[in-house]
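Below: one structure, written as structure tokens.
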Amino acid sequence: MIPYGRQDVTSADIDAAVAVLRSDWLTQGPAVPKFEAAIAAYCGSPHAVAANSATSALHLACLALGLGPGDRLWTSPITFVASANCALYCGATVEFVDVDGETANISVPELERNLHAARRDGTLPKIVIPVHFAGEPCDMERIGALAQEFGFHVIEDAAHAIGARYRDEPVGNCKYSDITVFSFHPVKIITTGEGGAAVCRDVALAERMALLRSHGITRNPSQMNAPAEGPWYYEQFALGFNYRMNDIQAELGTSQLSRIESSVERRHYLAARYDSLLADLPVEPLRRDQRNRSALHLYPIRLRLEQLSRDRLEVVTTMRERGIGVNVHYIPVHTQPYFRTKGFAGAAFPAAERYYERTVSLPLFPGLDDAAQNQVISVLREVLAA
Ligand SMILES: *Cc1c(COP(=O)(O)O)cnc(C)c1O
């Protein structure tokens with residue numbers, strides 16, 4: 001089966017991870033700050049806090065921005081559940097803003113309409129999480145302007161988008177946001193097995209996230225209330241977690257990051273081939289803004305169902321039977337059973353639902369070769385013609 005996504009691990013990556021296994025530090029050693037410095041430098045933010053997943057990093061980001069009971073967090077329904085769950089971990093409420101059907105990113109006009117209504121009702125969000133879906137950056141300049149006008153914080157969910165550029169600047173420079181979060185799950189752009197990071201410009205936010213990542217404990221004398229009682233001494237200030245990334249993961253991440261440019265270029269090469277080889281079929285790729293560079297985590301197509309005799313389920317099952325591991329990103333979060341019990345049972349996000357009904361993600365990953373991609377295209381062609 002050709003999967004929809006797959007990690008790209010080289011022998012240099014393996015050597016890097018093995019070197020850590022032979023070293024003195026498997027965790028809390030030098031590899032994590034080294035990886036954090038590399039991530040920060042790559043995306044142009046002064047601070048990076050690595051974590052054991054993007055889900056943890058989103059939770060840390062929400063806590064550092066003070067999200068708590070009584071607060072609201074807004075995100076888009078076409079995302080992985082983690083973008084919404086971080087609000088609930090903090091005891092806050094999640095609300096959704098419909099997507100732009102051409103990109104599956106949060107609809108900025110819809111966001112603006114909802115913000116005006118929320119200001120009238122006194123129900124403004126504390127945090128908005130735009131998700132750079134499939135690696136295509138959201139319209140951050142406009143979202144940043146709305147954040148100023150309406151007084152909310154912005155966390156960019158860039159789980160798909162390390163390596164992307166918004167206009168001419170790297171996603172993660174936090175020019176229009178407080179914090180940007182990346183995922184290093186194996187299907188994402190670079191991997192640490194499991195892992196994530198939060199980057200930001202504000203040192204106080206970075207320190208808060210680092211403290212909560214490790215039990216709310218500090219060993220730094222300058223942060224302590226009392227003089228150290230001895231070399232074993234530490235103080236706990238807050239109720240934190242163990243959300244740490246280990247050194248094996250971090251060194252793998254540093255090695256992966258050193259190849260990110262060629263790996264995103266490879267994704268662009270494959271996406272451009274899909275664009276041209278699918279042009280005569282009743283499918284539409286997502287719109288990519290030529291002023292940006294998508295990281296191209298995914299290559300979703302939208303089926304023109306009105307021109308087809310098969311529905312999305314038949315297309316997906318037939319392609320899988322024929323060895324093409326297509327997938328669907330994402331089931332709208334508000335339709336999940338858990339969210340239905342949270343008051344979303346009757347909720348309507350028409351653009352998200354319409355998108356979901358006809359989307360299929362085709363295989364896209366750096367190790368996909370031309371022959372395998374041709375196979376994907378010829379199977380898709382036959383399935384759509386049937
Ligand atoms: C993968 C993903 C996450 C969660 O990442 P993990 O590292 O697996 O916790 C969050 N948001 C989006 C949009 C994702 O795709």
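For ligands, and for the atoms within them, numbers begin at 1 and follow the listed sequence.
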Should the pair R312 and Y356 be classed as cation-pi, given the thresholds of under 6.0 Å to the six-membered ring centre and 45° from the axis? yes
Any Lys/Arg nitrogen of [X] or [Y] sitting under 4.0 Å from an Asp/Glu carboxylate oxygen of the other?
X: R267; Y: E261; value: no
X: D178; Y: R201; value: no
X: K188; Y: D157; value: no
X: D8; Y: R259; value: yes

Side chain to side chain contact (heavy atoms under 4.5 Å, CB included) evaluation trace for E284 with R304: CA-CA 7 Å; E284 293 167 276; R304 290 209 185 100; 3.3 Å; yes
Pocket residues around ligand 1 (non-hydrogen, under 4.0 Å) come out as S53, A54, T55, T79, F80, A82, S83, V131, D157, A159, H160, S183, K188, G195, Y330
